[in-house]
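Data first, discussion second: the structure below is written as structure tokens.
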Number of protein chains: 4
Amino acid sequence: MTNKIHFQCDYTEGAHPTIIERLVSTNMEQTVGYGEDAYCDAARNKIRLACGDADLDVHFLVGGTQTNATVIAHSLRPFEGVLAAETAHIAVHETGAIEHAGHKVLTLPTTDGKISAEQVNNAMEAHLADSSFEHTVRPAMVYISFPTELGTIYSKDELTALRTTCDKYGLLLFLDGARLGYGLAARSCDVTMSDSARLTDVFYIGGTKVGALFGEAVVIRNPRIKMHFRYSIKQGGGMLAKGRLLGLQFDTLFTNNLYAEISAHAIKCAMQIQATLIACNVPFLVETDTNQLFPILPNAWLEEISKHFQLSYWQNIDDTHSAVRICTSWATKYENVEALIKTLCQLSAQSKV
Amino acid sequence: MTNKIHFQCDYTEGAHPTIIERLVSTNMEQTVGYGEDAYCDAARNKIRLACGDADLDVHFLVGGTQTNATVIAHSLRPFEGVLAAETAHIAVHETGAIEHAGHKVLTLPTTDGKISAEQVNNAMEAHLADSSFEHTVRPAMVYISFPTELGTIYSKDELTALRTTCDKYGLLLFLDGARLGYGLAARSCDVTMSDSARLTDVFYIGGTKVGALFGEAVVIRNPRIKMHFRYSIKQGGGMLAKGRLLGLQFDTLFTNNLYAEISAHAIKCAMQIQATLIACNVPFLVETDTNQLFPILPNAWLEEISKHFQLSYWQNIDDTHSAVRICTSWATKYENVEALIKTLCQLSAQSKV
Amino acid sequence: MTNKIHFQCDYTEGAHPTIIERLVSTNMEQTVGYGEDAYCDAARNKIRLACGDADLDVHFLVGGTQTNATVIAHSLRPFEGVLAAETAHIAVHETGAIEHAGHKVLTLPTTDGKISAEQVNNAMEAHLADSSFEHTVRPAMVYISFPTELGTIYSKDELTALRTTCDKYGLLLFLDGARLGYGLAARSCDVTMSDSARLTDVFYIGGTKVGALFGEAVVIRNPRIKMHFRYSIKQGGGMLAKGRLLGLQFDTLFTNNLYAEISAHAIKCAMQIQATLIACNVPFLVETDTNQLFPILPNAWLEEISKHFQLSYWQNIDDTHSAVRICTSWATKYENVEALIKTLCQLSAQSKV
Amino acid sequence: MTNKIHFQCDYTEGAHPTIIERLVSTNMEQTVGYGEDAYCDAARNKIRLACGDADLDVHFLVGGTQTNATVIAHSLRPFEGVLAAETAHIAVHETGAIEHAGHKVLTLPTTDGKISAEQVNNAMEAHLADSSFEHTVRPAMVYISFPTELGTIYSKDELTALRTTCDKYGLLLFLDGARLGYGLAARSCDVTMSDSARLTDVFYIGGTKVGALFGEAVVIRNPRIKMHFRYSIKQGGGMLAKGRLLGLQFDTLFTNNLYAEISAHAIKCAMQIQATLIACNVPFLVETDTNQLFPILPNAWLEEISKHFQLSYWQNIDDTHSAVRICTSWATKYENVEALIKTLCQLSAQSKV
């Protein structure tokens, strides 16, 4: 293993110790497979409670790409596509899994990873006004990530506007919550878990990046999507044989407010780093208050930092500057945050941004 | 949880304690994701060693359906199909995942889950002799499971004959080893891990059913399949973010002969049950010496057994008899085997088969 | 071109002269494309009239494989499959086009090309009784061909029973009428064009084999299949730019009862040949009274016949006999029928069957 | 039918009279189906001769969308995508047929419908430099249209540069020649039919828009694409039962230089209209010298023109101007060209552009 301190992503460690303890203590129990065990049922109920809706269907899948492909393949008809930001995970980082399932990702331009109700509205009007609309892919779903791939979040007003627009045009609204906890824990966030369920047709609660070894909890409000969903999980390769591993993890995350607490920890760490960066006059590629920060650093600093820390290179800015991504998570140690802060302060003392 | 003793499948428990220990001890380490960490590399090398071929490519996926769909989608062209037994997992129990990826499963009749080189030969001759062969799916791969879904295994001669036939017709040979350990540990088995690698183009070593929490190790010999395989893993949703979880598990399984040892345990348990069944004059649907037994039991017995044990109902035989599947595994406790044996003996003493 | 007389299939000639005349007379007219011209509209209305239902949607596609794939892809969800006879065109002779669209063809055994309501019923009961039904493909449609690939036809009772069973289980009923005219014209047929529309969710009226240069008219009764069907036509590559070519052909076929008349001609020719075969004591592989005959001929006869006639070799029966297919069509010339009859009589006079 | 004169596209009429004559004269001939008849063979040889390469494979399909989907599905592996201009027909006007076949269209920005070798080069360098390249679609083919959807054409130097770049990165080069004749006939064109074959891996010669009722001739140079192509035609629904209809049409088009002559006619008509537009000081959205013109007209003119002519509305320019597409074809009558010119002159005399 490298000896560097990792801040490049939010899946470098295993799982929260409480989850590990439960996996250990239940290891030799015998249960039925495929998500039909009691642990899964318990986790489902706790998630329904957290969402404030007892009628929701909850399913557990293993990873994000699999979840996106399964939900989208399950929901769309062959000639339908999904509107998404050009930066959306499904548009750029899933090796075409959505296309492999037969569907086009209809991208909308964005600078901060978000798309607006107005953009969706305009896309639908353009489709409907096209005299040869049947020669183009029919938009049938809106995909948003919360937080986005650029660490930004939607306000409740923005989500509500998207919902209204989706209703106007008969579109499904799908929220990718791979980092949901980190969005809900952000200072500026006025959206709740319950809103996520209420304002979308289907969304998922990310476990992989928020305390679990792996796992995403798909929460379905729309009856049409509910129907037959387990067939699609199986077809998509997402029905874990030992399904209780997923149930146990989500049951733990939704006990004693653990999911929210560990998300808040990640945000606290990120905000400390952000405060230092601001104090050092470092500009940001995009303004965020979730667990992802996108500072624009002098390349000289970056070289120095990289001796001890692993960041994620994002993009070239100019001859002497680059944007990077710094990620915190439920597992981030304060000592590592302090080490990074110390290094930043030293660099700032030595040379200008 | 039910209080019954489970013998219905080989994935009712978690993982071998040694695996759990390693997950615990490495939990807060930071590693890179997606299978590029040192634990995965170590596991790869141990598997190459076990296969006796340093040039093999080894990849880790999460589950069997996902692995089958990924390997087949990766290997075939759109108009190509895969020859398989009519009982093959890909033909009946994957919700059409192979068809979802665009390919037809071309089934061959079987009574014991196996297909022969002669059957493959005849299928190819029929295809080539068809004047409208381009109107039919082109067979391009042979899929076999080892052991089969009916617990049987191929001899080295049978595997070699399949290899020869595949070479004759330019077919790929793919071995689904979801239960590979249990096959290699069978008394009648003259095939080795090394043979599995040498005689196939690609095969996989099942972890989910043989000691791991989850995970299948795909081993590729054919250079054409090796190329770009990671793209297909990602597209198929099988690239686990925290890939080291797979590496750790397979590294453990292939250390100190653990995979073979725990497989042998399952076989020992199965053979004890089988001996009792034979002693009770119970006939079998199919003769096996792996971890799956298919006894034909009087329905009256079955009713009694089901009060304390969970078996897998297989098929109706006649008005008073049914075939069931009894599965042992790496996790089967001797006390549970003894309890089942005792119950069988009691039933046998009370009433005839 | 070969100088032999072709009886091997029903698409060896061009189109009925009346169609050719209309293509010639309208050739330099300018119309809009993609099936939105007045000729297509006129043809749609005539087909609705022939089916006795003004609410039907009618679309024109180019060929049969395309039509089958388009209708099935449009109608099913990803995890759903289509029940069909093992001899069905979609099961054997479309190079896996249905699988390419993601769906499994769930085959049922047959000896005469037909499947029964009871078979469908049993398949559904088996699916629903399977405790792991979500691990198998969900049957969602029944595909039948009328006439079948073996020249047989369903009675109105049989069709009605299939409809009832489909309603019971929520299955769609799709009738492939590539040779529909020849079925409706058969002596034993008690089904009408109107029944085809009334008893199915969607069916098509074959043009390619019944008088047109090419073209299949899809007739949709089910509102869910009606919706957005033109998107699927375009996606499936079936939306002919010069769509009027299809409209013109079907408008012609459905003017002055042409479709029925030319179908009747084919049947008359077939029945003359059949009568001769019966008189010669020739047995049949399957009993038919449509335009396809499947006599079992001595190989010696076959060799002689093949000097002057092109038949379709069907299957080996024994060392000295083979089944062949003899096809008549709208274009069959009486003189050719007479020539074949004469040859048969001569052979019969010379040697026994 | 509308009484307006159609200039909105190049498929408003039927076929060139010579083609119609041959369809009529051969109508009752009997031939084998599926493109294996003598007319298809003759057409193949004439196309090979026109391309100056006797080793080319030539196949006949029915329409453009079908051809694009078939060629791309046949050529790519599941995780591979096709680079194309954002205006490419496959990217916008085929209802996602490429995605339906499982592949992402990787769009490159363009203002004139063309993409450059440099753009392809940069896209490949970016893909290869991406540390998570396996999480993105692998570019494996470059799709260009000739002429493009905006009427522009590539020079021989540009095509050669694309070829060189494709060779550098192992990319396939596919040229969509739906309007190939109109490109080759353009005044500025220095590319020949032979160059199209020599510089691409596969291309097609459009019949639908250039004199045929329908039909596209796929010409394959790359041995890997040649192999098994007929399976893909059948699977894609493009194997016309009465395949000779395609052979007859292309045989006619490639006899006595007909394809080039009728293409030149369309260009002559377009250039007359273009000259008038230039004389009227009308600007163009894009400079073209093929059969598609994209003038920017005052809306007042457009309203007047639309009383007698059907043009294709392209896009809004400002409050008082719109871009339209004017298409000529092999079938355009001089009297209609003159009528349009006269109207333009009158409008120009009355009001400024």
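Just so it is clear: chains get the letters A, B, ... in the order the sequence lines come, proteins before strands, and each one is counted from 1.
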Under a 4.5 Å cutoff for heavy-atom pairs, which residue among Leu106(A), Val92(A), Asp130(A) has the most contacts with chain D?
Val92(A)
Counting C-beta onward and ignoring hydrogens, is there a side-chain heavy-atom pair between His103(D) and Glu99(A) closer than 4.5 Å?
no
Around atom CD of Glu118(A), are there more than 12 heavy atoms of other residues, nucleotides or ligands at under 6.0 Å?
no
Can any side-chain N or O of Thr95(A) pair as donor or acceptor with the backbone N or O of Glu134(D) at less than 3.5 Å?
yes
Using modelled atom types only, decide if a donor and an acceptor are shared between the side chain of Lys104(D) and the backbone of Ala91(A) within a distance under 3.5 Å.
yes
